[in-house]
Amino acid sequence: MYNSQDKKFNDSNFLSEVEQAADLFHLLGDLSRLRIYLLIAEHDRSVTDIVELTHLTQSNVSHHLKLLRAKGLVLSNRIGKSVIYSINKGNSLCWNKIDIVYKLLNL
């Protein structure tokens, strides 16, 4: 239970992590972005793969991927004419919080 006297709730590192978690949950609060992220978490995917699986437009998928990439959740790698997206497992703060999402969804 929240207690305003609890040192943890006044610690700047803790507050920074809470803010980052809030940003992450806001970003993944969009159903399309969450679906895209979970598809990429299964295995690396191209924009074309994501469009086919989600039935979203290419521009919509690209927009969502741009936001996910900007927050460091996914990485992009150009292979020929295709761009392949993968989960940024090096972003441990985000990856640990995404693991919570998986547990909540029982995936």
Side-chain angles (χ1 to χ4, degrees):
M1 179 168 217
Y2 173 75
N3 177 352
S4 62
Q5 301 302 315
D6 191 339
K7 290 180 183 179
K8 173 172 65 174
F9 288 97
N10 295 313
D11 177 63
S12 62
N13 289 332
F14 176 77
L15 293 174
S16 176
E17 285 190 27
V18 168
E19 185 177 344
Q20 289 175 1
D23 287 346
L24 177 66
F25 289 129
H26 181 263
L27 181 69
L28 294 177
D30 180 275
L31 179 59
S32 295
R33 269 194 298 276
L34 180 58
R35 287 175 59 209
I36 290 167
Y37 186 85
L38 293 173
L39 285 170
I40 295 170
E42 286 179 354
H43 61 80
D44 300 354
R45 300 198 188 261
S46 69
V47 172
T48 304
D49 294 338
I50 297 167
V51 167
E52 289 175 6
L53 291 166
T54 62
H55 304 289
L56 297 170
T57 65
Q58 184 274 329
S59 63
N60 197 297
V61 168
S62 293
H63 171 73
H64 289 303
L65 288 167
K66 178 182 175 182
L67 295 173
L68 291 169
R69 207 173 62 244
K71 289 292 185 179
L73 272 79
V74 299
L75 301 171
S76 61
N77 183 28
R78 181 169 293 281
I79 299 176
K81 292 184 179 183
S82 296
V83 177
I84 306 298
Y85 290 87
S86 60
I87 296 299
N88 182 3
K89 293 182 181 176
N91 188 338
S92 62
L93 184 61
C94 289
W95 186 246
N96 291 338
K97 287 174 179 59
I98 293 302
D99 191 43
I100 293 168
V101 172
Y102 268 89
K103 289 176 183 170
L104 289 171
L105 296 173
N106 294 317
L107 297 175

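Throughout, numbering of the chain's residues begins at 1 and tracks the sequence. If you're wondering where the values come from, they're calculated on a predicted model, not measured in any experiment.
- A search for side chain to side chain donor-acceptor pair (under 3.5 Å) contacts involving Arg35 returns nothing, not counting sequence neighbours.
- Within the model, atoms CG of Leu73 and CG of Leu28 stand 6.0 Å from one another, a figure rounded to the nearest 0.5 Å.
- Hydrophobic cluster membership differs between Leu67 and Ile84, with clusters built from Ile, Leu, Val, Met, Phe, Trp and Tyr side chains linked at under 4.5 angstrom.
- At a threshold of 4.5 Å between non-hydrogen side-chain atoms, the residues Glu42 and Leu38 do not count as touching.
- A search for side-chain contact (heavy atoms from CB on, under 4.5 Å) contacts involving Ser76 returns Arg69, Val83, Tyr85, not counting sequence neighbours.
- At least one donor-acceptor pair under 3.5 Å links the side chain of Asn88 to the backbone N or O of Gly72.
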Residues 52-60 side chain polar contacts: donor-acceptor under 3.5 Å, at least two apart:
| unit_1 | atom_1 | unit_2 | atom_2 | d |
| --- | --- | --- | --- | --- |
| Thr54 | OG1 | Ile50 | O | 2.7 |
| Thr54 | OG1 | Leu56 | N | 3.3 |
| Thr57 | OG1 | Ser59 | OG | 3.4 |
| Thr57 | OG1 | Asn60 | N | 3.1 |
| Gln58 | NE2 | Ser62 | OG | 2.8 |
| Asn60 | OD1 | His64 | NE2 | 2.8 |

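- The two residues Ile87 and Leu75 make their nearest non-hydrogen contact at O-CD1, 4.5 Å.
- Rounding to the nearest 0.5 angstrom, the gap separating the CG atom in Asp49 from the CD1 atom in Ile36 is 12.0 Å.
- Within the 3.5 Å criterion, the main-chain N or O of Leu68 finds no donor-acceptor partner in the side chain of Arg33.
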